Amino acid sequence: MHSDERPLTPRTSLVRRHWLRTAGGLIAGAGLSGWLPPARANSLTVGQPAPPLILRTLEGREIATQALRGQVVILTFWATWCDPCHEELPLLSAYAERHARDGIQILGFSLDAPENLPMVRKIAASLSFPVGLLGSAYAGGYGRIWRIPVNFAIDRAGRLAHNGWDDPAPPAWTAERLEKFVTPLLQASR
């Protein structure tokens, strides 16, 4: 160790890991993701059990995906500063309203920082599904959310039915894609 280097302590190690994660997110957000590969869940397999996730809504409720068995669930990850998200969110909201009696639940995870909460609330007020702040770029078994919008669909049995990481560039959902991927899930036996 050089005389000007500090020893690596748990705190400095934590700071370095945070900086690397933040730098990785900035690099990916700047379109330079080839320099630092994005971390994502390698174990996501369509047809296998979907990883559990809990949405902590803006109103303080907790909605666990595991408690939604018997419904079709869409997890949507978005942010107020994401232009494609502004196109996709109203589409998802209208779809959820149209199919409410068919057993669909959409959960909206905002990647915004807490200081953007007023804008998140404003957007959430126009949506027909619950919204909450993700709180971190990591979404459990879904990996690090490195691009948005990104969506995942879970069938009535709790299996991953659509892996958003396999989608083309945003916006991930269109009316046609919802009809192709989600509507058949809703029509499956309840």
Side-chain angles (χ1 to χ4, degrees), residues 28-29 31 33 37-55 57 63-112 120 123-132 134 137-190:
S33 59
R40 58 178 158 163
N42 293 326
S43 62
L44 284 177
T45 305
V46 170
Q48 295 300 310
L53 197 59
I54 296 174
L55 175 70
T57 70
I63 304 171
T65 56
Q66 291 182 319
L68 298 174
R69 288 258 168 95
Q71 296 183 57
V72 173
V73 179
I74 294 176
L75 308 176
T76 185
F77 296 88
W78 63 281
T80 58
W81 40 264
C82 165
D83 288 337
C85 299
H86 289 282
E87 296 173 28
E88 185 180 79
L89 290 170
L91 177 78
L92 286 171
S93 185
Y95 188 85
E97 285 179 342
R98 232 178 6 264
H99 293 281
R101 286 182 274 147
D102 298 329
I104 189 162
Q105 178 66 66
I106 298 176
L107 303 178
F109 294 86
S110 172
L111 273 69
D112 284 275
V120 173
I123 292 172
S126 69
L127 302 175
S128 65
F129 54 86
V131 168
L134 184 59
Y138 290 88
Y142 298 90
R144 183 171 65 85
I145 306 302
W146 58 275
R147 71 170 180 161
I148 52 174
V150 65
N151 301 280
F152 303 89
I154 303 170
D155 69 14
R156 295 182 192 280
R159 295 179 302 249
L160 187 68
H162 180 79
N163 182 352
W165 295 127
D166 296 337
D167 283 342
W173 289 120
T174 62
E176 295 79 22
R177 287 179 57 96
L178 285 166
E179 289 301 321
K180 179 180 178 182
F181 291 109
V182 180
T183 301
L185 298 173
L186 293 171
Q187 294 169 345
S189 64
R190 291 180 212 169

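Note: hydrogens, waters and symmetry copies are ignored here, and every other heavy atom, side chains too, is used. Bear in mind the structure is a predicted one, so any value in this text is a computation, not a measurement.
I148 places a side-chain heavy atom less than 4.5 Å from the side chain of L111. Taking the side chain as every heavy atom from C-beta outward, P90 and S126 never approach each other to under 4.5 Å. Side-chain contact between Y95 and T183 is present, with at least one heavy-atom pair separated by less than 4.5 Å. The shortest side-chain heavy-atom distance between I54 and I63 does not fall under the 4.5 Å cut-off. Contact check for L75 versus V73: side-chain heavy atoms found under the 4.5 Å cut-off.
Rounding to the nearest 0.5 Å places SG of C82 at 13.5 Å from CZ of F77. To the nearest 0.5 angstrom, F109 atom CZ is 10.5 Å from T57 atom OG1. The structure places NE2 of H99 at 9.5 Å from CD1 of I74, a figure rounded to the nearest 0.5 Å.
D112 places a side-chain N or O within 3.5 Å of a backbone atom of T80 that can act as its donor or acceptor partner. A donor-acceptor pair under 3.5 Å links the side-chain atoms of T174 to the main chain of R177, judged by distance alone. Without hydrogens or angle criteria, W173 side chain to V150 main chain gives no donor-acceptor distance under 3.5 Å. For T76 (side chain) and N151 (main-chain N/O), no donor-acceptor pair under 3.5 Å exists by modelled atom type. S93 contributes a side-chain N or O that, together with a main-chain N or O of S128, makes up a donor-acceptor pair within less than 3.5 Å.
The nearest pair of heavy atoms linking P84 to P149 is CB-CD, 3.7 Å. Scanning both residues, R147 and W165, for their nearest heavy atoms gives NH2-O, 3.7 Å. Across every non-hydrogen atom of L55 and G132, the tightest pair is CD1-N, 3.5 Å. Closest approach of P130 to Q105, counting heavy atoms only: CD-NE2, 3.2 Å. Of all non-hydrogen atoms in A161 and V46, the two that sit nearest each other are O-CG1, 3.8 Å. The two residues W78 and G108 come nearest to each other via the heavy atoms NE1-C, 3.8 Å.
The salt bridge (Lys or Arg N to Asp or Glu O under 4.0 Å) check on R98 picks up nothing, with sequence neighbours excluded. In this structure, the side-chain contact (heavy atoms from CB on, under 4.5 Å) partners of H86, at least two apart in sequence or on a different chain, are D83, I123.
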What side-chain donor-acceptor pairs closer than 3.5 Å can you find for residues 65-72, not counting sequence neighbours?
from	atom 1	to	atom 2	distance (Å)
T65	OG1	L53	N	3.0
T65	OG1	L53	O	3.3
R69	NE	A157	O	3.2

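Applying side-chain contact (heavy atoms from CB on, under 4.5 Å) to L92 and the options L127, I106, I104 leaves one that passes, I106.
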